[in-house]
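Numbers for residues simply follow the sequence, beginning at 1.
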Amino acid sequence: MAAETVASTNAAANTVTSKNMAMAKAINDSLRRALESDPKVLIMGEDVGKLGGVFRVTDGLQKDFGEERVIDTPLAESGIVGTAIGLALRGYRPVVEIQFDGFVFPAYDQIVTQLAKMHARALGKIKLPIVIRIPYGGGIGAVEHHSESPEALFAHVAGLKIVSPANASDAYWMMQQAIQSNDPVIFFEPKRRYWDKAVVDTEAIPGPLHKAKVVREGSDLTLAAYGPMVKLCLEVANAAAEEGRSLEVLDLRSVSPLDFDTIQASVEKTRRLVVVHEAPVFFGSGAEIAARITERCFYHLEAPVLRVGGYHAPYPPARLEDEYLPGLDRVLDAVDRSLAY
């Protein structure tokens, strides 16, 4: 997880502010900064302390901040989230790690019936500033219950914010913003991107947490994605460019709330939209995007909004996950179908 220094330097302080680092390291540095900045920030989860997490995202934090700030919990996800709710009621800002995506379901009751509803139940008088970190998605050859994409289940619940970074820089800053939020945030970390590197400027001024970004300009069709699929969509755009097609790529960054204004502006320009996510297409977040954009852009669209994602089936064994996950050919096929209208 060592970071490589790049040329950007803060002249006044004579300190380096930009580093080339992996996403896992960026999240680790962001958590470290939060722990240093606010004594009310706590980190909780299974093996987050002495082990530093199964992906080593919390490596070294317990050693530097102690067992009362970085807490190894029992294997009880419902208890972890319930305890975090109690701590938040006492003024703390817990950052909870769910070790793998498929392990979150024992805590689903606490999240949707308590965490998401407390603010409304108390008529705005109670806030629960809790971040729930969830490594999610496939692509690492894991066993059952270790490669789920359950973001749509949480996006359906009012009172939760759902975000997912696609690169190290966004991971660093979105984590800072999530911890500072007074609302509960589900922070989905694309585990297959943990080792992808990008330049992170730790003194930059970040944009709004729930604002989508145009990461590649184009004119013929818009690809919208978040988390692990943004990199794939950029690869698709490169492949399409070799055939003379200009694809615009949007990194949505946030699943709830969704930045429909940025999507609409892109679609009004390109007149076509393909939404890509790892989660199953059936009742996935792409369905909401397709419906809203069809309403907003009906007279601009030259093709129906298409969706590419996982199949409506349990996540398969590791040997078959390449067939299950959206890949270059499947997204390019959707691009061809859209442009054929």
Side-chain angles (χ1 to χ4, degrees), residues 1-43 48 52-53 55-66 69-70 92-95 97 129-133 135 161-183 185-190 193-217 226-228 230-231 234 249-254 257 259 262:
M1 287 171 58
E4 301 170 16
T5 300
V6 293
S8 177
T9 303
N10 184 325
N14 196 31
T15 57
V16 174
T17 64
S18 293
K19 299 177 181 179
N20 190 37
M21 63 178 76
M23 181 184 286
K25 172 62 175 171
I27 297 171
N28 180 280
D29 281 10
S30 188
L31 293 172
R32 178 177 295 277
R33 180 171 180 171
L35 288 163
E36 291 172 345
S37 301
D38 186 350
K40 293 295 187 180
V41 172
L42 307 173
I43 294 174
V48 298
F55 294 102
R56 303 300 185 266
V57 173
T58 54
D59 188 40
L61 297 181
Q62 187 182 80
K63 178 176 69 71
D64 294 339
F65 294 95
R69 300 281 308 279
V70 182
Y92 291 93
R93 290 182 176 270
V95 181
E97 177 183 297
I130 296 172
V131 177
I132 299 181
R133 296 180 43 244
K161 294 180 175 179
I162 317 297
V163 300
S164 181
N167 57 68
S169 180
D170 272 355
Y172 180 91
W173 284 110
M174 290 169 70
M175 180 61 73
Q176 289 291 304
Q177 293 167 309
I179 293 172
Q180 292 163 11
S181 173
N182 285 324
D183 297 310
V185 178
I186 312 295
F187 199 95
F188 281 100
E189 300 169 8
R193 305 299 180 211
Y194 271 150
W195 302 277
D196 290 358
K197 289 188 175 183
V199 174
V200 179
D201 184 350
T202 58
E203 298 302 324
I205 300 175
L209 177 60
H210 303 289
K211 181 73 173 174
K213 291 181 179 178
V214 178
V215 293
R216 180 185 175 116
E217 297 277 355
Y226 53 86
V230 174
K231 182 177 180 180
L234 289 169
V249 180
L250 296 184
D251 179 356
L252 299 178
R253 303 173 73 245
S254 176
D259 180 8
T262 297

**Request:** Go through Met175 and Glu189 one step at a time and tell me if the side-chain contact (heavy atoms from CB on, under 4.5 Å) criterion holds.
**Result:** CA-CA 10 Å; Met175 180 61 73; Glu189 300 169 8; 3.7 Å; yes
**Fill in**
Here the pair of heavy atoms bringing Ala26 nearest to Val200 is CB-CG2, 4.3 Å
**Fill in**
In this structure, CE of Met174 is separated from OG of Ser164 (nearest 0.5 Å) by 7.0 Å
**Prompt:** Nearest 0.5 Å, what's the OG-NE2 distance between Ser181 and His210?
**Reply:** 6.5 Å
**Asked** Once you round to the nearest 0.5 Å, how far does CG of Leu31 lie from CD1 of Ile179?
**Response** 5.5 Å
**Asked** Say you draw a straight line from CZ of Arg32 to CG of Asp59; how long is it, rounded to the nearest 0.5 Å?
**Response** 9.0 Å
**Prompt:** Is Lys211 salt-bridged to Asp259, going by a charged N under 4.0 Å from an acidic O?
**Reply:** yes
**Item:** Which residues share a salt bridge (charged side-chain N to carboxylate O under 4.0 Å, His left out) with Asp196, sequence neighbours left out
**Value:** Arg193, Lys231
**Request:** Answer yes or no: is there an ion pair linking Lys25 with Asp29, defined by an N-O contact shorter than 4.0 Å?
**Result:** yes
**Request:** Please list, chain by chain and in numerical order, all residues satisfying salt bridge (charged side-chain N to carboxylate O under 4.0 Å, His left out) with Glu36, sequence neighbours excluded.
**Result:** none
**Fill in**
Smallest heavy-atom separation, Glu97 atom then Gly53 atom, equals OE2-CA, 4.5 Å
**Fill in**
The complete set of salt bridge (Lys or Arg N to Asp or Glu O under 4.0 Å) pairs with one or both residues in residues 171-183, sequence neighbours excluded, reads Lys161-Asp183
**Item:** Any donor-acceptor pair under 3.5 Å from Trp173 side chain to Asp201 backbone
**Value:** yes
**Fill in**
Smallest heavy-atom separation, Val185 atom then Val163 atom, equals CG1-CG2, 3.9 Å
**Fill in**
What one should report as the nearest heavy-atom pair of Pro165 and Met23 is O-CE, 4.0 Å
**Request:** Can you see which heavy atom on Arg69 is nearest to which on Pro39, and at what distance?
**Result:** NE-O, 3.6 Å
**Message:** Any side-chain to backbone donor/acceptor pair from Thr58 onto Val48? Under 3.5 Å, distance only.
**Reply:** yes
**Request:** Using distance alone, with no hydrogens and no angle criterion, decide if Tyr194 and Arg56 have a side-chain donor and acceptor under 3.5 Å apart.
**Result:** no
**Asked** Any idea which heavy atoms bring Pro228 and Pro190 closest together, and the distance?
**Response** CD-CB, 3.5 Å
